[in-house]
Protein chains: 2
Amino acid sequence: MTEPQPVRMGDLPLGVRPCSLAAALEVLGERWSLLALREIGYGVHRFARIAGYTGASRDMLADRLRKLEAAGIVERRLYSEHPPRHEYHLTEAGRELFPVMLALTEWGDRWAVDSPALIRRHSCGQPVQVDLVCRHCGQPVTRDTIHPELA
Amino acid sequence: MTEPQPVRMGDLPLGVRPCSLAAALEVLGERWSLLALREIGYGVHRFARIAGYTGASRDMLADRLRKLEAAGIVERRLYSEHPPRHEYHLTEAGRELFPVMLALTEWGDRWAVDSPALIRRHSCGQPVQVDLVCRHCGQPVTRDTIHPELA
DNA sequence: GGCAGTGAGTTGGAAAACACAACACACTGG
DNA sequence: CCAGTGTGTTGTGTTTTCCAACTCACTGCC
């Protein structure tokens with residue numbers, strides 16, 4: 001039995017890391033994927049409208065939606081046979097992207113645009129600023145308070 | 001004076017949305033960018049090692065690091081003149097990507113890999129599971145408790 | 001029935017991004 | 001002098017991406 005040890009990532013031997021971030025980007029990292037998911041999350045379920053709001057071309061969007069469906073992130077619901085027509089909805093995996101989207105959007109608000117076009121107001125009435133806390137102890141989670149271990 | 005009104009995003013007219021998520025992806029959405037930032041965040045500051053851990057080819061990595069520097073997300077620090085050699089470090093904008101990385105990694109742990117290769121342990125001793133709470137009221141932030149408003 | 005309009009893609013060709021190997025260059029150590 | 005290292009750049013194909021045009025199966029209207 002080896003006690004799990006904290007690891008300094010930079011000390012590991014070179015080589016592509018087995019990494020959940022890389023795995024996530026494999027599915028989500030292509031252009032348009034996250035924008036399409038943003039729209040579906042906003043309640044825009046039809047192909048042409050998703051294309052319209054994201055700016056993606058039809059072929060790109062069709063490709064991304066196929067991949068997202070194959071990855072279990074969106075599901076297609078048939079709303080017309082002849083011709084077959086689908087609505088796109090988030091699965092649980094898709095809904096759980098909410099923290100990712102929110103984090104990216106908040107970062108973009110702060111660092112990638114002059115002034116945000118949209119404000120997200122929390123039900124408490126204030127504009128949302130998110131804090132990350134540990135589910136177990138309730139204390140803040142920061143770069144300094146988490147320590148990677150090899151599984 | 002118009003009172004700001006909650007918006008249903010799907011009701012807005014078609015057209016590419018001015019959106020901080022899209023703006024963030026403009027900078028971060030290219031392949032390798034986030035993986036390079038992951039490495040720099042892990043304390044890997046030299047070109048060849050970043051390439052080795054991410055799997056990016058040298059030319060791609062050189063391109064991404066240039067763009068990330070131009071976007072103010074990483075800074076180069078000269079550690080040798082003749083020949084000029086740089087270390088890559090995160091700026092504040094880069095460090096603030098931590099919630100993004102963490103959210104993506106947690107999502108990947110759960111939905112994109114069979115079993116995570118790495119565990120992140122919080123200083124409380126438990127594996128980290130992050131909750132999102134509102135900085136103002138301390139209550140959870142979820143899809144249902146935030147409401148977009150046009151600025 | 002005829003004919004325009006719509007929604008959801010598919011196809012084809014130009015343009016851009018990417019991967020890989022080779023090269024350049026300024027060192028360092030033997 | 002020669003091999004090796006670190007950090008890129010260049011050159012050459014291959015793969016993606018983009019955009020416009022097309023198809024197909026309807027729906028509405030007159």
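These numbers were taken from a predicted model, which means no experiment stands behind them. Chain naming here is simple, since letters A, B, ... match the order of the sequence lines and numbering starts at 1 in each.
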Give the rounded distance in Å between these two atoms: [atom1] of [X] and [atom2] of [N].
X     : N      : atom1 : atom2 : value
A:L65 : C:dG7  : CG    : P     : 16 Å
B:E26 : C:dA17 : CD    : P     : 11 Å
B:K67 : C:dA17 : NZ    : P     : 6 Å
B:L61 : C:dA17 : CG    : P     : 17 Å
B:E30 : D:dT16 : CD    : P     : 16 Å
B:H45 : D:dT7  : NE2   : C1'   : 17 Å
A:M60 : C:dA16 : CE    : P     : 15 Å

Under a 4.0 Å N-O cut-off, is there an ion pair linking [X] with [Y]?
X     : Y     : answer
B:E30 : B:K67 : yes
B:R64 : B:E69 : no
B:E39 : A:R17 : yes

Quiz item: With sugar-phosphate meaning primed atoms plus P, OP1 and OP2, does B:R76 contact a base, only sugar-phosphate, or nothing at under 4.0 Å between heavy atoms?
Solution: sugar-phosphate
Is there a side-chain contact between [X] and the phosphate of [N], meaning an N or O under 4.0 Å from OP1 or OP2?
X     : N      : answer
A:Y88 : C:dA8  : no
A:R31 : D:dC18 : yes
A:W32 : D:dT17 : no
B:R46 : D:dT5  : no

Quiz item: Looking only at heavy atoms, which two atoms of B:M101 and B:L34 are closest? And how far apart?
Solution: CE-O, 3.8 Å
Self-check item: Pair B:E96-A:W111, side-chain donor/acceptor within less than 3.5 Å
Solution: yes
Quiz item: If you count the non-hydrogen atoms of other residues, nucleotides and ligands that lie under 6.0 Å from CZ in B:R8, is the total more than 12?
Solution: no
Quiz prompt | Contacts of type side-chain contact (heavy atoms from CB on, under 4.5 Å), residue A:E75, not counting sequence neighbours | solution = A:R77, A:H89, A:T91
Could you go over nucleotides 9-13 of chain D and give all protein N or O partners under 3.5 Å, atom names and distances?
from  : atom 1 : to    : atom 2 : distance (Å)
D:dT9 : OP2    : B:R66 : NH1    : 2.9

